Asks: 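Before I ask anything, let me first share the structure, which is written out below as structure tokens.
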Protein chains: 2
Amino acid sequence: MPTPARLTINDVARAAGVSRGTVSNVFSHPERVRPELRERVETVARDIGYGGPDPRGRLLRRGKFGAVGYVVPGAYGFVNLIESPFGREMLLGVADACDAAGISLTLIDGRAAQIEAAVDNALVDGLIIGTAGSAPVIERAMRRGMRVAIVDVAADAAISSVSIDAVTGAKLAARHLLDLGHRRFAIVSVRRTQGEPIDHAPGRRTTTLRDGGPLDREKLRGYSEALTAAGLDINAMPVLETVPWQADIGPALFAAAPDATAILVMSDRQAMTILRDFARLGRRVPEQASIVGFDGVPDGAAALPPLTTIEQPTREKARRATELALSAGPAQHSMLSVKLLVRASSGPAPA
Amino acid sequence: MPTPARLTINDVARAAGVSRGTVSNVFSHPERVRPELRERVETVARDIGYGGPDPRGRLLRRGKFGAVGYVVPGAYGFVNLIESPFGREMLLGVADACDAAGISLTLIDGRAAQIEAAVDNALVDGLIIGTAGSAPVIERAMRRGMRVAIVDVAADAAISSVSIDAVTGAKLAARHLLDLGHRRFAIVSVRRTQGEPIDHAPGRRTTTLRDGGPLDREKLRGYSEALTAAGLDINAMPVLETVPWQADIGPALFAAAPDATAILVMSDRQAMTILRDFARLGRRVPEQASIVGFDGVPDGAAALPPLTTIEQPTREKARRATELALSAGPAQHSMLSVKLLVRASSGPAPA
DNA sequence: CCTTATCGTTGGAACGTTCCAAGTTTCATG
DNA sequence: CATGAAACTTGGAACGTTCCAACGATAAGG
């Protein structure tokens, strides 16, 4: 038989000989209905094939969607979100928080051409914005009356945000290597302009950071302050700019800074790429060069050698962002602290 | 100033001195409104701070959500979804299809205790079900009038499905190794009962497949048929049962089948774990043992050595499932074909 | 100037639900 | 058996939009 024109709460009410309101209560506030009647209504509903209240009607009346959107904007978008272990941790944290709150999670693809329309039509109460660069998205969301929570970007005071203390983290990393006796540093940074190659020029010295990741500036500042305090000048150090998905950082780095014994980076991802590259190049870590990562992704523990890194509470950050994107009330800002996690990729400076 | 009680299309209509219907048209069918009037209404809307039609009202009237849900049910759930490269490919494929169709994507966590409530309240037109084992979910979804598309599971004829020709794939893999002269096989299968350890017993011979992955039975059948056709008996071969996230397959496999030169598995993931384990054990691939994977995940190309595998069109499968979950009309079933991808993990049988 | 066709605009009627004030029943109590 | 309180049920009124039949204006053709 053909689909029998969608059943509504009214059909059930008629069939069971009760009022619309009662049927609604049976499904949405069972405790308000006498058990005996409730059971009768439930039976009738099952018999005629009614599967419970349609979210459409409920939505309009109740006002709440019971969902948050997770926007991954910017040039890297979706692939990066789940390709990078960091992105994965974020998503998992968000999913956890959603599950705990009993709401659903809508992914909004930042690559999408129709990103603005997507935000306009998104069936969500709040938006979690994963990385920088989406002013129009934020504006539209606010206009719609959504809560917005931004991750890792210092935003408008009116918009909730969660971030980490990247400056302190970077200092921790640099000091750790300084304490181990290192004096010859190299720094790997991220250049976010798509398609540009690594700068291989060996003699290049630069601190110019173009289109960096949201916290790259803070990290660089932390490195700079710690190194300066130790009497070193970051401006005299080799700084290698890469794109985030770049594979051959290691060779380029070695070419640019063959004598560096201490390597500071912007992410675990970079650090692990370098670890792999160095292994291939026969450059031993930590005997010849020490590396400290940044993020504390799970894979770091399984790297060869296991990665010393600055661990940030990624899941906690995601959870917190989700809560903010869900909560009413004034905007809140939190900054989570990070800690040094010493593993095997860092060791004493070679004599 | 406090939030000024949500603005509606009515407020705009009043402020602009036109009817509700006209304002609706301005936003949803601009071509129906005289340009001059349209512009006036748009200006007024902007001035009073109206940000476009609320999806709630639209939804009720229009009926369509413009969204699909991607359910990841079963024991492994969300973590597995994005942790495994295969799961990632699926998600990416679904996301692509959604983007192309201009709809949004809701993730439904199969781990969730309230999975049924989640399905009941999901604001989606259709559901993509990623793996087996969710009869109640399917039933609820159908009841709600959602389209359902199942991936990799032969389901009810009334429910659309997308699958791959796993039997042929498995035969291809086995024949490839047979053609290379191999005669001593070992098979790694998946046991899906959570928490159970690998069976280390060296002499164990079994083909019992408990709670296998959706296509594991087909793969095993394909292996069996190809091997039988070559005069070998799969029942006499060592079959190692593992759990999907098991790390130490390699040692267990070597213990169970030290003389096997050809290894057949259920997934690339397993194959790559074995590759890593064998490297650690000093067992050379393909000189001492050949391995053929199954799935064709991108990471396989970067493995050491690059993995010979049965490549399935994962993204295409995801895309197709998404389309089915979106399309009206009778249920459809497709089976996509796979192909052998020869790389470096397979070679001639040792003399 | 009237007719007719065309293009724009209007306002009533849904869409399926939940809320809520008011009405009805039930039940313990005096 | 009357009373009052508590428990339960009812039906009208939203919620914000889009649809659609009908109406009004405008322009072209006679």
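Lettering of chains follows the sequences in order, A, B, ..., and the numbering in each one begins at 1. The model shown is predicted, which means the values in this text are computed figures rather than measured ones.
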Asks: Figure out the CG/C1' separation between B:L59 and C:dT18, and round it to whole Å.
Replies: 16 Å
Asks: Is there a side-chain contact between B:R58 and the phosphate of D:dG16, meaning an N or O under 4.0 Å from OP1 or OP2?
Replies: no
Asks: Can you check whether B:K317 reaches B:I164 side chain to side chain, under 4.5 Å on heavy atoms?
Replies: yes
Asks: Strictly under 3.5 Å: I want the nitrogen or oxygen pairs between protein and nucleotides 24-28 of chain D, one per line.
Replies:
none

Asks: To the nearest Å, how far apart are B:L7 CG and D:dC15 P?
Replies: 14 Å
Asks: Do the side chains of B:I128 and B:T322 get nearer than 4.5 Å, heavy atoms only?
Replies: yes
Asks: Give the rounded distance in Å between these two atoms: CG of A:D11 and C1' of C:dC15.
Replies: 13 Å
Asks: Considering residues at least two apart in sequence or located in another chain, which fulfil the side-chain hydrogen bond (donor to acceptor under 3.5 Å, both in side chains) criterion with B:E31?
Replies: none
Asks: Choosing from D:dG16, C:dT17, D:dT18, which nucleotide comes nearest the side chain of A:L60?
Replies: D:dG16
Asks: Which whole-number value in Å describes the distance from B:L123 CG to C:dG16 P?
Replies: 16 Å
Asks: So if I take every side-chain heavy atom of B:H29 and compare against C:dT9, C:dT17, D:dC19, which nucleotide ends up nearest?
Replies: D:dC19
Asks: If you fit an axis to the five pairs at each end of the helix from C:dC1-D:dG30 to C:dG30-D:dC1, how big is the angle between those two axes, to 10 degrees?
Replies: 40°
Asks: Can a salt bridge be assigned to the pair A:R144 and B:D54 using a cut-off of 4.0 Å between side-chain N and carboxylate O?
Replies: no
Asks: Atom CG of B:N121 and atom P of C:dT17: how far apart are they, to the nearest Å?
Replies: 12 Å
Asks: Answer yes when A:D125 and A:R147 have at least one side-chain N-carboxylate O distance shorter than 4.0 Å, and no when they do not.
Replies: no
Asks: Less than 4.5 Å apart, side chain to side chain, heavy atoms only: is that true for B:F65 and A:L123?
Replies: yes
Asks: Apply side-chain contact (heavy atoms from CB on, under 4.5 Å) to A:I48 and A:V12, showing your working.
Replies: CA-CA 8 Å; A:I48 69 174; A:V12 180; 3.9 Å; yes
Asks: Evaluate the side-chain proximity of A:D99 to A:L105: yes if any heavy-atom separation is below 4.5 Å, no if none is.
Replies: no
Asks: I'd like to check A:R143 versus B:Y50 (side-chain heavy atoms, cut-off strictly below 4.5 Å). Are they in contact?
Replies: no
Asks: Quickly, which of A:E39, A:R40, A:R34 forms a side chain to side chain contact (heavy atoms under 4.5 Å, CB included) with A:E36? Name it, please.
Replies: A:R34
Asks: Rounding to a whole Å, what distance do you find between A:R32:CZ and C:dT24:P?
Replies: 20 Å
Asks: Scan residues 42-50 of chain B against DNA chain C and write down, sorted by residue number, each residue with any heavy atom closer than 4.0 Å; if none is found, say none.
Replies: none
Asks: Within the 4.5 Å heavy-atom criterion, are A:M335 and A:V162 side-chain neighbours or not?
Replies: no
Asks: Is the shortest side-chain N/O distance from A:R34 to OP1 or OP2 of D:dT9 below 4.0 Å?
Replies: yes
Asks: Name all residues meeting the side-chain hydrogen bond (donor to acceptor under 3.5 Å, both in side chains) criterion together with B:S28; count only those two or more places apart in sequence or in a different chain, and write none if there are none.
Replies: B:R58
Asks: In whole angstroms, how far is the P atom of C:dG16 from the CZ atom of A:R62?
Replies: 17 Å
Asks: How many whole angstroms separate atom CD1 of B:I9 from atom C1' of D:dT18?
Replies: 8 Å
Asks: Would you say that A:F86 contacts A:Q312 through its side chain, given a criterion of any heavy-atom pair below 4.5 Å between the two side chains?
Replies: yes
Asks: Check nucleotides 10-14 of chain D against the protein and report each pair of N or O atoms closer than 3.5 Å, with its distance, or say if there are none.
Replies:
residue	atom	partner	partner atom	Å
D:dT10	OP2	A:S19	N	3.0
D:dT10	OP2	A:S19	OG	3.3
D:dT10	OP2	A:T22	OG1	2.6
D:dG12	N7	A:R20	NH2	3.1
D:dG12	O6	A:R20	NH2	3.2
D:dA13	N6	A:R20	NH2	3.1
D:dA14	N3	A:R61	NH1	3.0

Asks: With a 4.5 Å limit on heavy-atom distance, are the side chains of A:L326 and A:I103 in contact?
Replies: yes
